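The structure appears below as structure tokens.
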Amino acid sequence: MDSTLVLQNLLSPPVLFFGLGLLSVMLRSDLEIPSPLPKLFSLYLLLAIGLKGGLELQHSGLDRLVLLTIGAALAMALLVPITSFLLLRTRFDTYNAAALAAAYGSISAVTFITAETFLGSLAVPFDGFMVAALALMESPAIIIGLLLVRLTAPRGDNPELNWGSLLHEAFLNSSVLVLVGSLLIGVLSAAYSPAGMAKMSPFTDQLFYGALSFFLLDMGIVAGQRLRELRATGGFLIAFALLSPPVHAAVGLLVSLLLHLPQGDALLFMVLCASASYIAVPAAMRMTVPQANPSLYITSSLGLTFPFNIVVGIPLYMAAVQRLIPAA
Amino acid sequence: MDSTLVLQNLLSPPVLFFGLGLLSVMLRSDLEIPSPLPKLFSLYLLLAIGLKGGLELQHSGLDRLVLLTIGAALAMALLVPITSFLLLRTRFDTYNAAALAAAYGSISAVTFITAETFLGSLAVPFDGFMVAALALMESPAIIIGLLLVRLTAPRGDNPELNWGSLLHEAFLNSSVLVLVGSLLIGVLSAAYSPAGMAKMSPFTDQLFYGALSFFLLDMGIVAGQRLRELRATGGFLIAFALLSPPVHAAVGLLVSLLLHLPQGDALLFMVLCASASYIAVPAAMRMTVPQANPSLYITSSLGLTFPFNIVVGIPLYMAAVQRLIPAA
Amino acid sequence: MDSTLVLQNLLSPPVLFFGLGLLSVMLRSDLEIPSPLPKLFSLYLLLAIGLKGGLELQHSGLDRLVLLTIGAALAMALLVPITSFLLLRTRFDTYNAAALAAAYGSISAVTFITAETFLGSLAVPFDGFMVAALALMESPAIIIGLLLVRLTAPRGDNPELNWGSLLHEAFLNSSVLVLVGSLLIGVLSAAYSPAGMAKMSPFTDQLFYGALSFFLLDMGIVAGQRLRELRATGGFLIAFALLSPPVHAAVGLLVSLLLHLPQGDALLFMVLCASASYIAVPAAMRMTVPQANPSLYITSSLGLTFPFNIVVGIPLYMAAVQRLIPAA
Amino acid sequence: MNRLDLIVSERELERLCAALTNAGAPGYTVLRHVTGRGHGGTVSEGMEFSGVGANAHVIVFCEAAALGAIRDAVKPLLAYYGGVGFVSDAQLL
Amino acid sequence: MNRLDLIVSERELERLCAALTNAGAPGYTVLRHVTGRGHGGTVSEGMEFSGVGANAHVIVFCEAAALGAIRDAVKPLLAYYGGVGFVSDAQLL
Amino acid sequence: MNRLDLIVSERELERLCAALTNAGAPGYTVLRHVTGRGHGGTVSEGMEFSGVGANAHVIVFCEAAALGAIRDAVKPLLAYYGGVGFVSDAQLL
Ligand SMILES: Nc1ncnc2c1ncn2[C@@H]1O[C@H](COP(=O)(O)O)[C@@H](O)[C@H]1O
Ligand SMILES: Nc1ncnc2c1ncn2[C@@H]1O[C@H](COP(=O)(O)O)[C@@H](O)[C@H]1O
Ligand SMILES: Nc1ncnc2c1ncn2[C@@H]1O[C@H](COP(=O)(O)O)[C@@H](O)[C@H]1O
Ligand code: NA
Ligand code: NA
Ligand code: NA
């Protein structure tokens with residue numbers, strides 16, 4: 001069963017385009033998706049997923065399961081960075097350990113989207129409120145990361161940082177704003193302007209799969225460029241980048257079982273735990289912990305953890321889900 | 001009735017995304033739609049609206065009402081800038097008064113498009129020839145603006161300007177060219193290549209609403225940035241930017257009544273009168289009247305008049321239309 | 001019959017937008033499709049055509065006709081540059097003759113795509129494997145071009161060139177990689193992920209016509225800018241650029257008759273022979289034969305041969321096909 | 001040799017390049033989509049979609065002898081439309 | 001007069017421009033989407049989609065008298081976040 | 001210190017950066033999508049979609065002692081492929 005899921009995932013257009021991007025870097029082709037086209041696709045994906053999640057959230061409402069799931073997501077967004085920090089601190093200085101911990105405590109929206117698409121191709125349903133969990137898990141790790149630096153770094157090293165700019169960076173960075181904004185717009189429009197939401201559908205639904213494939217072509221290129229810098233990363237971090245996702249996913253599965261989440265939501269919850277941020281967190285760390293080396297946290301999250309999850313992780317987690325959670 | 005219309009407009013995806021853009025500037029988020037993506041969307045919208053207008057124009061033909069409406073549109077494109085100039089000249093020098101007058105005499109295609117979308121969501125029909133009126137109202141104000149400078153400015157201040165480059169600027173600037181070109185292509189293709197027009201439809205029709213929403217997100221950001229410069233604008237201009245639209249719309253409504261325009265066309269006619277240009281006119285004024293201060297005419301048209309029309313004006317004008325013109 | 005085909009082609013949206021682009025340059029409008037938007041559309045078109053070709057190739061399989069056609073395509077990719085070189089060498093030095101020969105021996109994907117669209121509007125079918133022929137004809141001419149320089153240029157003029165970088169340039173340049181990659185992804189996904197291919201369809205099929213029209217607007221601008229440099233080109237090259245396409249198309253028609261290709265495939269084969277590269281080959285020549293003058297090979301292929309084929313060539317070749325090959 | 005740095009609005013770029021060519025500049029390099037702050041306030045990329053454009057930075061390397069003609073061609077444009085120009089020393093590599 | 005060339009990450013651009021304005025710089029010109037190599041390794045456009053951004057190149061022309069204040073405002077930023085700064089001579093055109 | 005300004009076609013950029021690194025340049029800054037006019041005619045952004053590309057402007061700040069090696073590495077590339085290079089004086093901020 002596992003190998004069928006892996007193959008089905010591996011031979012779907014989005015993952016194949018991701019592979020084409022990786023390949024083009026290995027073959028040193030001059031293929032590039034010039035800036036700012038990747039930004040167009042990443043904004044589009046956030047906007048579309050937010051709108052769709054909002055639409056479904058408006059239909060399902062906020063019941064007990066929703067609140068429990070979101071609470072569990074927030075708990076994971078505290079647990080993962082703290083345990084990761086303790087582990088990473090054995091090998092890295094406090095700045096790099098904290099920045100890496102923040103990346104792994106946060107999430108990767110594209111991994112989440114790819115998992116949604118994978119569920120779609122298996123015709124396994126999932127709930128719109130998972131997008132709310134995604135949105136809420138992005139920010140806390142940024143704050144935890146900086147708190148860890150504050151609590152463990154030698155005094156006098158951190159000029160001019162204040163809570164205002166930190167909270168601003170955590171909750172008002174562009175990817176959080178677009179995701180949360182679109183989610184709320186989805187909720188409001190679904191309630192008051194259903195005709196408007198229907199007219200959005202060709203843009204946000206029908207194009208989604210193609211746009212994701214195109215964007216993953218670029219992500220393959222970027223991940224491939226990062227892989228070239230692997231030497232600088234070191235064996236310990238490589239192992240962490242490849243082993244922590246299944247471990248975090250397993251914890252996520254445990255939580256899903258406790259919460260009695262259905263199959264689709266359980267997979268998405270696992271993917272939230274297993275994925276690492278290469279968008280909001282690096283952008284925030286570059287600013288708030290400039291002492292950390294970006295090539296460590298970007299290379300591990302984008303060059304290793306992301307491809308692992310996209311190619312192997314998602315079908316692997318799904319196999320576990322299918323074994324332990326009965327289909328609806 | 002008014003409040004329902006206002007609410008329905010306010011809670012539609014395009015207007016909510018406009019609000020999200022405004023909000024992101026107020027919250028000082030780093031959200032940006034990087035250049036040249038806004039250009040992509042603005043070119044797309046002009047092209048799509050031109051094609052659709054051309055298709056409908058080809059079906060309806062040029063009857064007496066069409067010619068009368070277009071004539072009235074041209075008359076408004078002379079009347080509005082001249083009366084605005086006389087009013088503005090009481091507070092501004094001749095250069096700034098003329099540039100502002102030109103902006104308010106011309107039109108905003110995005111406001112027009114938003115009004116069309118609003119009509120669509122109310123299921124109120126409108127005619128394709130209104131796009132021709134839109135296209136024809138863009139240029140005259142540019143010429144009037146420069147004529148006003150010529151007639152009222154002290155001699156010897158205007159080197160090297162000639163009629164050739166002025167007409168060129170007025171009639172061949174890129175937004176007029178794309179709009180008029182697409183309109184003609186729509187007319188020709190609808191007549192000789194109906195299969196071709198049908199194959200354009202997923203691109204120009206189905207994506208339209210989503211692309212408009214995305215573009216309005218950017219317009220919200222740009223308008224928000226302009227609003228920050230409001231201090232430099234002064235109370236008189238703020239009042240002008242917010243009061244002239246309903247006044248011009250009222251004149252437009254009067255003309256619509258005289259011409260017996262149906263509801264949809266009447267709203268679009270009012271919007272043409274009420275809106276101000278922040279595309280073709282500023283680009284032309286920057287070149288032909290460099291003595292005027294761009295932050296005056298861009299801030300008032302883009303930071304005040306545009307949001308006013310999008311958020312409040314369109315449903316307000318529609319309420320008046322519904323009161324005075326019977327539904328078809 | 002010919003004139004109907006010409007008119008039907010001329011008045012279709014893609015060709016009219018191409019004309020609008022040309023016109024905007026002639027009228028010296030400031031219309032531009034800013035970089036990197038044209039790259040977005042050209043990547044999209046290659047990706048979409050590759051996927052669609054792969055899907056059909058997977059359905060039809062590789063039979064004898066397919067292999068024969070592909071073999072014939074490769075033979076033309078050798079024949080055309082060698083004969084062109086012999087002719088061009090009478091007027092140009094060895095570098096320029098070789099670079100021009102390489103351009104005319106290779107293909108123009110956009111011309112091919114426009115021909116496919118033309119067949120679509122006539123409801124004439126064609127086979128997916130023609131995309132494989134397109135992909136395979138792009139590279140050989142690059143190698144032939146450099147071999148011609150090597151064999152005929154004075155010794156000692158070519159430092160540091162090696163076969164590795166030449167083959168790399170020929171087979172791994174971005175346009176070949178995207179086209180071949182998408183073709184293979186199409187084949188694989190059609191076999192193993194048919195649901196995935198179906199979800200790609202709104203992106204790759206429905207948007208195709210509109211995206212092609214938008215891109216041809218830009219191509220009209222670029223071709224128009226090239227036409228301005230025509231004086232530097234000289235009468236001989238102008239004649240070559242306009243006369244070689246029908247000659248090469250005639251040879252292509254002969255081969256199609258020998259292979260018993262159906263109407264649609266025959267037109268596409270002729271277009272492959274008749275078109276000249278302004279993407280992969282100029283990019284390669286700029287690097288491998290810097291002694292050649294880019295404005296010669298780009299102006300003739302993009303400013304003359306491309307518009308000729310788009311506007312006149314395709315319907316002309318189709319008229320010949322209809323005369324000599326019975327409809328299926 | 002001299003190096004000239006000219007920063008003008010993109011709207012005047014075509015005019016400036018024509019003036020440079022007519023004044024005998026041996027070449028020039030143009031960087032578009034440039035932003036900044038000057039006497040005319042802040043220029044951002046926000047209005048680029050509208051055709052108003054941002055700034056362009058034009059660099060010219062020329063012999064000292066050519067400087068006079070170029071200055072005479074450029075200064076009126078800067079004075080009328082706005083923009084700034086600076087000169088420094090440079091040599092061929 | 002002097003010409004300053006400052007190259008920093010786009011993430012610090014807003015902060016740098018504010019510092020320049022506060023230090024009395026008469027104006028500045030910004031080129032974004034700049035790449036390069038320095039002590040901090042190679043910077044490419046690859047991560048721009050993520051908000052990490054590439055570099056920005058900021059040019060300031062100012063009187064020699066203003067240089068001191070600008071240097072004092074800029075140096076701490078370069079020291080804390082990375083980036084480089086160079087000065088050369090220039091004159092008004 | 002010295003400042004180098006190199007303007008080449010984007011096609012040769014990778015080669016040029018490798019040459020700079022090998023010749024011991026302490027860093028460099030790259031501005032892409034640059035247009036201009038030189039002996040090879042006008043270069044615009046029009047052909048960028050095709051992979052032919054526009055120009056790139058590469059700036060290097062280096063000690064005078066490093067200049068010789070960099071010049072030796074760069075000049076053959078400029079001579080073979082086209083492009084220009086200029087040097088001027090600069091100091092660390
Ligand atoms: N002192 C300066 N240093 C660097 N760039 C400047 C300076 N002054 C003006 N600029 C640039 O020149 C543009 C036009 O200047 P201005 O006409 O003074 O508004 C500004 O937007 C800046 O990009
Ligand atoms: N010697 C140099 N010459 C030109 N640009 C440099 C030099 N050193 C650094 N840079 C630029 O400054 C950026 C930041 O430098 P750094 O903080 O040293 O990594 C680099 O990415 C380069 O773009
Ligand atoms: N005198 C010059 N001043 C500034 N830029 C130049 C000059 N000459 C050439 N360039 C730039 O260098 C590029 C290549 O020059 P060339 O190889 O002479 O065609 C041109 O496209 C310009 O961008
Ligand atoms: Na995580
Ligand atoms: Na108006
Ligand atoms: Na050919």
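A note on names: the letters A, B, ... follow the listed sequences, proteins ahead of strands, and every chain is numbered from 1. Atom set for the values below is all heavy atoms of this structure, side chains included, hydrogens, waters and symmetry mates excluded. This is a predicted model, so every value here is computed, not measured.
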Mind listing the closest non-hydrogen atom pair of D:Phe61 and D:Pro26 along with its distance?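 Looks like O-CG, 3.3 Å.
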Identify the two heavy atoms, one from D:Ala19 and one from D:Ala73, that lie closest to each other, and give their separation to 0.1 Å.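 Smallest interatomic distance, heavy atoms only, reads O-CB, 3.9 Å.
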Interface of chain D and chain E, donor-acceptor atom pairs under 3.5 Å:
residue: D:Asp5; atom: OD1; partner: E:Arg3; partner atom: NH1; Å: 3.4
residue: D:Asp5; atom: OD2; partner: E:Arg3; partner atom: NH1; Å: 2.8
residue: D:Thr35; atom: N; partner: E:Val30; partner atom: O; Å: 3.0
residue: D:Thr35; atom: O; partner: E:Val30; partner atom: N; Å: 2.7
residue: D:Arg37; atom: N; partner: E:Tyr28; partner atom: O; Å: 2.9
residue: D:Arg37; atom: O; partner: E:Tyr28; partner atom: N; Å: 3.0
residue: D:Arg37; atom: NE; partner: E:Thr21; partner atom: OG1; Å: 3.4
residue: D:Arg37; atom: NH2; partner: E:Thr21; partner atom: OG1; Å: 3.4
residue: D:Arg37; atom: NH2; partner: E:Ala25; partner atom: O; Å: 3.0
residue: D:Lys75; atom: NZ; partner: E:Leu93; partner atom: O; Å: 2.8
residue: D:Gly85; atom: O; partner: E:Leu93; partner atom: N; Å: 3.0
residue: D:Val87; atom: N; partner: E:Gln91; partner atom: O; Å: 2.7
residue: D:Val87; atom: O; partner: E:Gln91; partner atom: N; Å: 2.7

Using non-hydrogen atoms and a 4.5 Å limit, figure out which bit of D:Val43 sits close to chain E: side chain, backbone, both or neither.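 No part of it gets close to chain E.
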From CA spacing to verdict: side chain to side chain contact (heavy atoms under 4.5 Å, CB included), D:Leu20, D:Val60: CA-CA 9 Å; D:Leu20 287 173; D:Val60 184; 3.8 Å; yes
Can you find a pair of side-chain heavy atoms, one from D:Leu4 and one from D:Leu67, that are under 4.5 Å apart?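 They are in contact (side-chain heavy atoms under 4.5 Å apart), so the answer is yes.
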Does the side chain of E:Val8 come within less than 4.5 Å of E:Leu77's, by heavy atoms?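 Side chain of E:Leu77 against side chain of E:Val8, heavy atoms only: no contact under 4.5 Å found.
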Can you tell me how far apart CD1 (D:Ile70) and CG (D:Leu6) are? Round to the nearest 0.5 Å.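 With rounding to 0.5 Å, CD1 (D:Ile70) is 9.0 Å from CG (D:Leu6).
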